[in-house]
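Since we're looking at a predicted model, the values are computed, not measured. Hydrogens, waters and symmetry mates play no part in the numbers below; they use all other heavy atoms, side chains included. Residue numbers start from 1 in every chain, and the chains themselves are labelled A, B, ... in the order their sequence lines are given, proteins ahead of strands.
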Number of protein chains: 2
Amino acid sequence: MDPRCGCDNCELKTAFFESFRKEELGIFCDQKVEVPYKRGDIVFSEGDEIRYFAYLKSGLVKLFRTDPDGKDQIITIAGPFDFVSLLGVFSETHQTYSVSVLEDAVICCIEIEQMKAIALKNGFFTLNLMEKLGSISNKIILEALEIRKRHTHGKVAYILLKFSQSIYQSLVFDLPVSRREIAEYIGMTTENVIRALSEFRKEKLLRINGREIEILDLEALERISNYG
Amino acid sequence: MDPRCGCDNCELKTAFFESFRKEELGIFCDQKVEVPYKRGDIVFSEGDEIRYFAYLKSGLVKLFRTDPDGKDQIITIAGPFDFVSLLGVFSETHQTYSVSVLEDAVICCIEIEQMKAIALKNGFFTLNLMEKLGSISNKIILEALEIRKRHTHGKVAYILLKFSQSIYQSLVFDLPVSRREIAEYIGMTTENVIRALSEFRKEKLLRINGREIEILDLEALERISNYG
DNA sequence: TCCACGCTATGATATTTATCATAAAATGAC
DNA sequence: GTCATTTTATGATAAATATCATAGCGTGGA
């Protein structure tokens, strides 16, 4: 078996190679399981027992909660090399959110007890892990604050820029989510998300064809995101 | 010197005593500095270099960001035994938010390099620390989502219940913040916060005298928070 | 003590956003 | 392929929220 677990660009790898003695790394690579998922699959659900630490190798997933009357609320959208397990993974026994797949994904799973055992023995590894988990949590908190302070147009512009810049690094992309899911993400109604998109289209800021989006006027969109 | 650092109820203590050899604990207790703050004091500001890990021994503080045009946004309010340093403390070099004092406070400061040095040598300590940091980050994320999904009345009711239940454990309490700060916390205008409070008063849900609040009808307030 | 300033408060109005209604288009199940 | 269901879309209207204006009150500083 490839001691590098065969995973190019794995964010955990740096931590591993700097942290582990050879025999530890071997144990780790033997234990980890890579699971492929299809669009629409549920990786785990709110309330499930936490058994694995999960890391997204490829694809796109959404983290969300479902409230008592069945309405979903999207916490964030995670891409390659993001952790799907957030910080609660070490302090909770059951998942506090669900994860479903937006674009076919491969998730690398490591038994949480195995992870803890390694962490106990290896402070360097744990510190690395904490830095990575910390930066993801920070990103989610920052995003929540950015969304909170914007009005509808600013919110929609903000989320479009997130897709364009953070996720796809392109001015042309296919939205991985429905208008309803965007609404669940930024806390507004589906109708107003559609309206905002239509207005951006009419003002020539976007070209829209179903879920295909092209940003035609980046500066204007950024202006709306920042000051709209 | 008291090997327990003389701090009853210190959340770090459990981690320390289970994690440390005696000499490590001694180093730790020698290094830590307790700093008293008065209401209105700034503990640190956005952009400051991160030099200390900060833990709130007593009092009440607010964590907030200031956007380019000078408007503040409150991230959360932290009470005794909360960490003032969030996860970024290990991954960032500069503060991403400011902390100011709402009620006279004592903050326990430990040099971040010292903290890292201990963490590197001691996986158990780091794992404990990560659990604690994780649960605080989770709390902030959860709070952001709860606020996002509510309308004005629900938001104000939610925040009043937070003060009553999480912070003061009493139906009677003095608001530690102005109406404007509540608005900055939950993302609405000051006028509408005042209006919501006035309406709650008129409907006999609250008794209000300046910043003094008494919750008269807890069930109704909870109903508004959950379904309003 | 007095003054200036920020905080609290309320009303009137304008704007934004949600809700309800309707319909075409797309998607998925059979 | 057909049908049911969801998604996208738009308009009309109602409700919520922000903005602007005004004023009494309280607090801290000169």
Side-chain angles (χ1 to χ4, degrees), chain A residues 38-41 62 69-74 100-103 147-160 174-203 206-213 224-225 227-228, chain B residues 38-41 62 69-74 100 102 147-160 174-203 206-213 224-225 227-228:
Chain A
K38 289 279 173 198
R39 173 173 172 73
D41 287 350
K62 69 169 177 178
D69 39 297
K71 278 188 69 175
D72 285 349
Q73 197 177 18
I74 294 183
S100 78
V101 176
L102 298 175
E103 288 176 3
I147 289 171
R148 186 189 303 171
K149 75 177 181 188
R150 286 172 167 77
H151 294 171
T152 52
H153 283 66
K155 283 179 175 178
V156 174
Y158 178 82
I159 223 67
L160 287 173
D174 282 346
L175 276 176
V177 290
S178 67
R179 284 22 171 196
R180 181 175 54 74
E181 285 173 305
I182 293 177
E184 287 169 356
Y185 198 168
I186 58 187
M188 48 188 281
T189 59
T190 308
E191 293 96 319
N192 281 331
V193 170
I194 292 170
R195 257 184 267 270
L197 288 173
S198 295
E199 282 161 37
F200 291 163
R201 174 172 46 75
K202 284 170 194 161
E203 290 158 17
L206 300 179
R207 183 180 60 74
I208 302 177
N209 180 22
R211 289 197 176 185
E212 190 190 334
I213 301 281
I224 290 171
S225 171
Y227 308 104
Chain B
K38 289 280 174 197
R39 172 174 173 72
D41 287 351
K62 71 169 176 178
D69 40 297
K71 279 188 68 177
D72 285 349
Q73 195 177 19
I74 294 182
S100 78
L102 298 175
I147 289 171
R148 186 189 302 172
K149 75 177 181 188
R150 286 173 167 76
H151 294 172
T152 51
H153 283 68
K155 283 179 176 179
V156 174
Y158 179 83
I159 222 66
L160 288 172
D174 282 345
L175 277 177
V177 289
S178 68
R179 280 35 166 187
R180 182 175 54 75
E181 284 173 306
I182 293 177
E184 287 169 356
Y185 198 168
I186 58 186
M188 45 189 282
T189 59
T190 308
E191 293 96 318
N192 281 331
V193 169
I194 292 170
R195 257 184 267 270
L197 287 173
S198 296
E199 282 161 36
F200 290 163
R201 174 173 47 74
K202 284 171 193 161
E203 289 159 17
L206 299 179
R207 184 179 59 72
I208 302 177
N209 181 22
R211 289 197 175 186
E212 190 189 333
I213 301 281
I224 290 170
S225 172
Y227 308 104

Inset, instruction - May I ask you to decide if A:Arg148's main-chain N or O and B:Arg148's side chain share a donor-acceptor pair within less than 3.5 Å? - result: no
Inset, instruction - Report which part of the nucleic acid A:Thr190 touches: base, sugar-phosphate, or nothing (heavy-atom distance under 4.0 Å, all strands). - result: nothing
Legend entry - Quiz item: B:Arg179 side-chain donor-acceptor pair to C:dG6 base, under 3.5 Å: no
Legend entry - Nearest to side-chain heavy atoms of A:His151, which nucleotide of D:dG11, D:dT19, C:dT17: C:dT17
Legend entry - A:Thr152 side-chain proximity, nearest of D:dT10, C:dT17, C:dT10: C:dT17
Legend entry - Donor-acceptor contact present, side-chain B:Arg207 to main-chain B:Glu212, <3.5 Å: no
Legend entry - Backbone of B:Thr189 reached by a side-chain donor or acceptor of B:Asn192 within 3.5 Å: no
Legend entry - Relative orientation of the end axes in the helix from C:dT1-D:dA30 to C:dC30-D:dG1, expressed as an angle to the nearest 10° (five pairs per end): 60°
Inset, instruction - Answer with base, sugar-phosphate or nothing: what part of the nucleic acid does B:Arg180 contact at a heavy-atom distance below 4.0 Å? - result: sugar-phosphate
Inset, instruction - Using atom CG of A:Asp72 as one end and atom P of D:dT7 as the other, report the distance to the nearest whole Å. - result: 11 Å
Inset, instruction - Round to a whole Å and report the spacing from NZ of A:Lys149 to P of C:dT16. - result: 19 Å
Inset, instruction - State plainly whether the residues A:Arg180 and A:Glu184 are in salt-bridge range, i.e. N to O under 4.0 Å. - result: yes
Legend entry - Whole-Å distance separating the CZ atom of A:Arg150 from the C1' atom of C:dT17: 18 Å
Inset, instruction - Would you mind telling me which of D:dT7, D:dA18, C:dA9 lies closest to the side-chain atoms of B:Ser198? - result: C:dA9
Inset, instruction - Answer with yes or no whether A:Arg201 presents, from its side chain, a donor or acceptor under 3.5 Å of a partner atom in the base of D:dT8. - result: no
Inset, instruction - May I ask you to decide if A:Ser178's main-chain N or O and A:Glu181's side chain share a donor-acceptor pair within less than 3.5 Å? - result: yes
Inset, instruction - Specify the residue among B:Ser178 and B:Arg195 whose closest nucleotide of DNA chain C lies further upstream toward the 5′ end. - result: B:Ser178
Legend entry - Derivation and outcome, side-chain contact (heavy atoms from CB on, under 4.5 Å), residues A:Ile213 and A:Ile208: CA-CA 5 Å; A:Ile213 301 281; A:Ile208 302 177; 4.0 Å; yes
Legend entry - Donor-acceptor pair (no angle test) under 3.5 Å: B:Arg211 side chain, D:dG26 base: no
Legend entry - Under 3.5 Å: donor-acceptor pair, side chain of A:Arg39, backbone of A:Leu102: yes
Inset, instruction - Calculate the interatomic distance between A:Glu212 atom CD and C:dA26 atom P; express it in whole Å. - result: 14 Å
Legend entry - No-H, no-angle donor-acceptor pair, B:Glu191 side chain to C:dC7 base, under 3.5 Å: no
Legend entry - Nearest-Å distance for atom pair CD1/C1', residues B:Ile194 and D:dT17: 15 Å
Inset, instruction - Please check the phosphate of D:dA18 (OP1 and OP2 only) for any side-chain N or O of B:Asn192 closer than 4.0 Å. - result: yes
